[in-house]
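As the structure is a prediction and not an experimental result, all values here were calculated from the model. Chain letters run A, B, ... following the sequence lines, proteins first and then strands; every chain starts at 1.
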2 protein chains.
Amino acid sequence: MAILNELSEFRRPIAINLANRPTPSNCEDCGARHNGLCEALTEDELAFLARSAQRITLAPGTVFVEEGEKAAYFYNINQGNVRLFKSLPDGRRQITGFSGPGHFLGLAAGEDNAFSAEAMDSVKLCRFSRASLMAVFEELPVLERKLLGVVMHELVLAQQQMLLLGRKTAIERIASFLLSWAVRLEMCPAGGLPAANSVLKLPLSRTDLADYLGLTIETVSRSLSQLKRDGMIDIPNIHEIILLRPRTLSEIAEAAV
Amino acid sequence: MAILNELSEFRRPIAINLANRPTPSNCEDCGARHNGLCEALTEDELAFLARSAQRITLAPGTVFVEEGEKAAYFYNINQGNVRLFKSLPDGRRQITGFSGPGHFLGLAAGEDNAFSAEAMDSVKLCRFSRASLMAVFEELPVLERKLLGVVMHELVLAQQQMLLLGRKTAIERIASFLLSWAVRLEMCPAGGLPAANSVLKLPLSRTDLADYLGLTIETVSRSLSQLKRDGMIDIPNIHEIILLRPRTLSEIAEAAV
DNA sequence: ACGCGGCCTTGATCCATATCAAAAAATACC
DNA sequence: GGTATTTTTTGATATGGATCAAGGCCGCGT
């Protein structure tokens, strides 16, 4: 199979989630809204990048970045979703983030990947070698500033997640997650509220949700049921949630006293 | 008091922890070891930066960066320790990291600070305005690449902490923390082990430890006591811990099966 | 030295969430 | 389209860590 041959090249790739938008609202550099690194670049810059890129398709479940392996590539995702995670030897897993179309993924801080990345569905992406990224940096110093913005935004998200994992209750975690997912889907700006009755598409299993929020699937399910009982949300099907009362959800999420 | 006047200028500073060493071993750029941004720069670059810096001393307990305030400054710490944290309205607190001498601190991803920073002891630092940082960037594009490395390393640490907060038990968190603190104090490379009977200085209160590890002070105290009972560590005094069996501690920390 | 106040440790109890178990719903497979 | 398989929900029980409550230790000021 041709695809399998391509996949076999993916044994030892990258490391850092540069996903998510650097700024949720309009970019202060260019004034335009952008969804990731590629959207932040001009046509010329994109063309330059494209020269050293390989286009690849991954089957669902493919682990194309493995923690601890040498970091050799970086990626820009064109289609599909990716989960980024770290694992313990006994199988416990912590999902540290998700990447989607337009998101940038890779760039090791050291020699090795700090986490693993796995395709959640059929994923199309562009792969660049580490060396070619360095060459691009020489040619496009502006890229580094833009990357800096992307990574800094990642760090802000990571800090939010630390607060969630270290100090929030199960219900608060779920409420926080739903609102942050609405931001991710551009249904509202960061810090803002989505409209009442917004429909949230969740391309995640309950297991993913649990591993992202530091809970068990049972607790995730129970918390969602309770929010539904309390009239905060509706759950027409497993992968869709309707935010009936975003304002109250937000109060739960931020634990207003 | 002169000091108080200076402090009053610190009502609305910066946002991101760029602390900790970008690479624990020798830097791949310059071959030298460096402890933070300043150590990563040449004499000339440092001189350029110094032109726009103000030297400031902070009293213990001073909160000089406040979450949600406009990000106006960034800092390089010369002396003392700083805790970086996020809080919930009801007082729950999550410490996201610590900064020490040589560490860089600041740089908002957006307009506002994403966290607060507080002096743990008497702190001396250099303060730069956001505008002067931009000017420095124009003059020293290399700075951006170096900053990128620092921020990426921060992100790796944040991801490790997410795994700890989301999936590790109390004992595992304490063991992980002790070993990571040894790395921080340069008693061993990242991923390596400190020598048996190494003495670890902890300039933290149990409350700081609890807020960093997502536990209560009682659980921190009990876990330390248990590790002592089990012969893993000794605790000659509250701010010093002797690592009797680093290898076993490491097995606990990484939950080897 | 003494006493006071702020950490820290230890003990007793409670509770939020994990774990174990099974039914129900969704999805995949013939 | 119906059955097998996986995923999700719900229920019953267990438990790790939180909470409540003393007591001990140490530094500090008088």
Starting from [atom2] on [N], measure out to [atom1] on [X] and report it in whole angstrom.
X	N	atom1	atom2	result
Leu202(A)	dT7(D)	CG	C1'	15 Å
Arg92(A)	dT19(C)	CZ	C1'	14 Å
Met120(B)	dC7(C)	CE	P	13 Å
Leu213(A)	dT17(C)	CG	C1'	14 Å
Asn237(A)	dT9(D)	CG	P	11 Å
Leu204(B)	dC7(C)	CG	P	14 Å
Ile174(A)	dT17(C)	CD1	P	11 Å
His239(B)	dC8(C)	NE2	C1'	10 Å

So Tyr212(B) and Phe85(B), ring-ring contact (aromatic ring centres under 6.0 Å, His included) or not? Walk me through it.
CA-CA 9 Å; Tyr212(B) 183 53; Phe85(B) 60 96; over 10 Å; no
Thinking salt bridges, do Glu251(A) and Arg245(A) make one under a 4.0 Å N-O criterion?
no
If you round to the nearest 0.5 Å, how far is CD of Glu154(B) from CE of Met152(A)?
12.5 Å
Is the distance between the ring centroids of Phe104(B) and Phe74(B) less than 6.0 Å?
yes
Checking dT9(C), dC8(C), dT10(D) against the side chain of Ser221(B) (C-beta onward), the nearest is dT9(C)
Got a sec, which residues hit salt bridge (Lys or Arg N to Asp or Glu O under 4.0 Å) with Arg173(A), two or more places apart in sequence or on another chain?
none
Every protein N/O within reach of nucleotides 17-27 of chain D N/O, cut-off under 3.5 Å:
{"from": "dG17(D)", "atom 1": "OP1", "to": "Ala170(B)", "atom 2": "N", "distance (Å)": "2.9"}
{"from": "dA18(D)", "atom 1": "OP2", "to": "Thr216(B)", "atom 2": "N", "distance (Å)": "3.4"}
{"from": "dA18(D)", "atom 1": "OP2", "to": "Thr216(B)", "atom 2": "OG1", "distance (Å)": "2.9"}
{"from": "dA18(D)", "atom 1": "OP2", "to": "Thr219(B)", "atom 2": "OG1", "distance (Å)": "2.3"}
{"from": "dT19(D)", "atom 1": "O4", "to": "Arg222(B)", "atom 2": "NH2", "distance (Å)": "2.9"}
{"from": "dC20(D)", "atom 1": "N4", "to": "Glu218(B)", "atom 2": "OE2", "distance (Å)": "3.2"}

Inter- and intrachain pairs under salt bridge (Lys or Arg N to Asp or Glu O under 4.0 Å), touching residues 207-223 of chain A, at least two apart:
Arg83(A)-Asp208(A), Arg93(A)-Asp208(A), Arg93(A)-Asp211(A), Asp211(A)-Arg167(B)
